Each structure stands twice: as C-alpha cells, then as structure tokens.
Amino acid sequence: QVQLVESGGGLVQTGGSLRLSCAASGRTFGSYVMGWFRQAPGKERESVSAISWGGSSTYYRDSVKGRFTISRDNAKNTVYLQMNSLKPEDTAVYYCALRLGTVLRTESRMYNYWGQGTQVTVSS
C-alpha cells in the first residue's frame, strides 16, 4: 500500500505563487509516474500535470503551460508542483496521484493511489 500526503495549498491573490508538495510513503519501491489533478466545485476532476519516473517526460494541460512546473525528488519520494502567475480559474482542490509503472498517462482511472487533496484558492 502507498500513502500520499499533499501540502502547500492555501489562499493567494491573482498573480501569486504556491508550491505544492506530495510525499509518498509505504510500498514505494519500483518505478512510478506521479501526477497532479484538480477538481473545482461542480466540475469534473482534470489532469493538471504529470512526470515520468526519471523526470525526462512531463505533461501539462494547456491552461497551465508556462505557469506551472512539475518536478520530483525520487530520493525523497516527493513530487512538487510550482504554480506561478495564478489565476482565479486555478481555484480547486489539488490531488496528487501515483501510477505504478513507467508509462506516463493522464487519465485519472490509470492512477493507483491518491492523496487526500489540498485546497488552492486564488482571489481576484
């Protein structure tokens, strides 16, 4: 079993920055993909970003390209999401997720473990 714990959410003004962290613990041996998803009130969960085991492959949804950066530290079993130039439409609960294996996928159903989520609120 794997446990994921997110941190770093909060309230920020438009144009501000936040850095989300997600620490994995438990049976974390082997290669795995890490992803960030978000869900706003009344909307479906959507993929925000993902990163391969070695970090050489990344994915960003179009609306966050150039503003968000995903990274990981495998020695610490931690993935990060640096969010800059935040907009009110980025307001959501952000979840990190772990996908066993090496193939980078963005569909939420392809991820095996999920964190509890952290709230990000961007005020206008």
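Since this is a predicted model, take the numbers as computed values, not measurements. This chain uses plain numbering: 1 for the first residue, then up along the sequence.
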Taking [X] for the side chain and [Y] for the main chain, is one N or O donor matched with an acceptor at less than 3.5 Å?
{"X": "Arg105", "Y": "Met110", "result": "no"}
{"X": "Asn74", "Y": "Trp53", "result": "yes"}
{"X": "Ser49", "Y": "Tyr59", "result": "yes"}
{"X": "Arg72", "Y": "Ser52", "result": "yes"}
{"X": "Ser85", "Y": "Gly15", "result": "no"}
{"X": "Thr121", "Y": "Leu11", "result": "no"}

Are any non-hydrogen side-chain atoms of [X] and [Y] less than 4.5 angstrom apart?
{"X": "Gln1", "Y": "Tyr113", "result": "yes"}
{"X": "Tyr95", "Y": "Thr118", "result": "no"}
{"X": "Arg61", "Y": "Thr106", "result": "no"}
{"X": "Leu18", "Y": "Leu86", "result": "yes"}

- Stepwise, does the salt bridge (charged side-chain N to carboxylate O under 4.0 Å, His left out) test hold for Lys87 with Asp90? CA-CA 5 Å; Lys87 305 175 181 180; Asp90 295 317; over 6 Å; no
If I compare all heavy atoms of [X] with all of [Y], which pair ends up nearest, and what's the gap?
{"X": "Ser21", "Y": "Tyr80", "answer": "OG-CD2, 3.3 Å"}
{"X": "Gln116", "Y": "Val5", "answer": "OE1-CA, 3.8 Å"}
{"X": "Ser124", "Y": "Pro88", "answer": "CB-CG, 3.9 Å"}
{"X": "Ala24", "Y": "Leu4", "answer": "CB-CD2, 3.5 Å"}

Are [X] and [Y] in one and the same hydrophobic cluster, where Ile, Leu, Val, Met, Phe, Trp and Tyr link if side-chain heavy atoms are under 4.5 Å apart?
{"X": "Ile51", "Y": "Leu100", "answer": "yes"}
{"X": "Tyr111", "Y": "Tyr60", "answer": "no"}
{"X": "Phe68", "Y": "Trp36", "answer": "yes"}

- Query: Yes or no on side-chain hydrogen bond (donor to acceptor under 3.5 Å, both in side chains) for Glu89 and Thr91, after CA distance, side-chain angles and deciding distance?
  - Reply: CA-CA 5 Å; Glu89 50 264 44; Thr91 296; over 6 Å; no
- Item | Glu44 CD to Ser108 OG distance, which is reported to the nearest 0.5 Å |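 So the gap between those two atoms works out to 9.0 Å.
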- Looking at Val64, Thr58, Leu20, which hits side-chain contact (heavy atoms from CB on, under 4.5 Å) with Ile70?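 For Ile70, the side-chain contact (heavy atoms from CB on, under 4.5 Å) check succeeds only for Thr58.
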- Message: Among Val2, Val79, Asn77, exactly one meets side-chain contact (heavy atoms from CB on, under 4.5 Å) together with Tyr32. Which residue is that?
- Response: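 So the option named by the test is Asn77.
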- Task: Please step through side-chain contact (heavy atoms from CB on, under 4.5 Å) for the pair Gln13 and Val122, ending with a clear verdict.
- Result: CA-CA 5 Å; Gln13 292 185 334; Val122 184; over 6 Å; no
- Query: For residues 29-124, which residue pairs qualify under disulfide (SG to SG under 2.5 Å), counting only residues two or more places apart or in two chains?
  - Reply: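 Sorted result for residues 29-124: Cys22-Cys96.
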- What class does the angle between the rings of Trp114 and Phe37 fall in, given that below 30° is parallel, 30 to 60° is tilted and above 60° is perpendicular?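 Aromatic pair Trp114/Phe37 classed tilted.
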- Item | Any residue meeting side-chain contact (heavy atoms from CB on, under 4.5 Å) with Ser17, in chain and number order, not counting sequence neighbours |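 Only Gln82, Asn84 meet the side-chain contact (heavy atoms from CB on, under 4.5 Å) criterion with Ser17.
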- Message: Does Glu107, at its CD atom, have more than 12 non-hydrogen atoms belonging to other residues, nucleotides or ligands within less than 6.0 Å?
- Response: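 Count over threshold, so yes.
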- Does anything in residues 5-33 pair up under salt bridge (charged side-chain N to carboxylate O under 4.0 Å, His left out), and if so which pairs, sequence neighbours excluded?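 Listed by first then second residue: nothing to list.
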- Query: Are side-chain N/O atoms of Tyr94 and Arg38 paired as donor and acceptor at under 3.5 Å?
  - Reply: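 Yes, a side-chain donor-acceptor pair sits under 3.5 Å.
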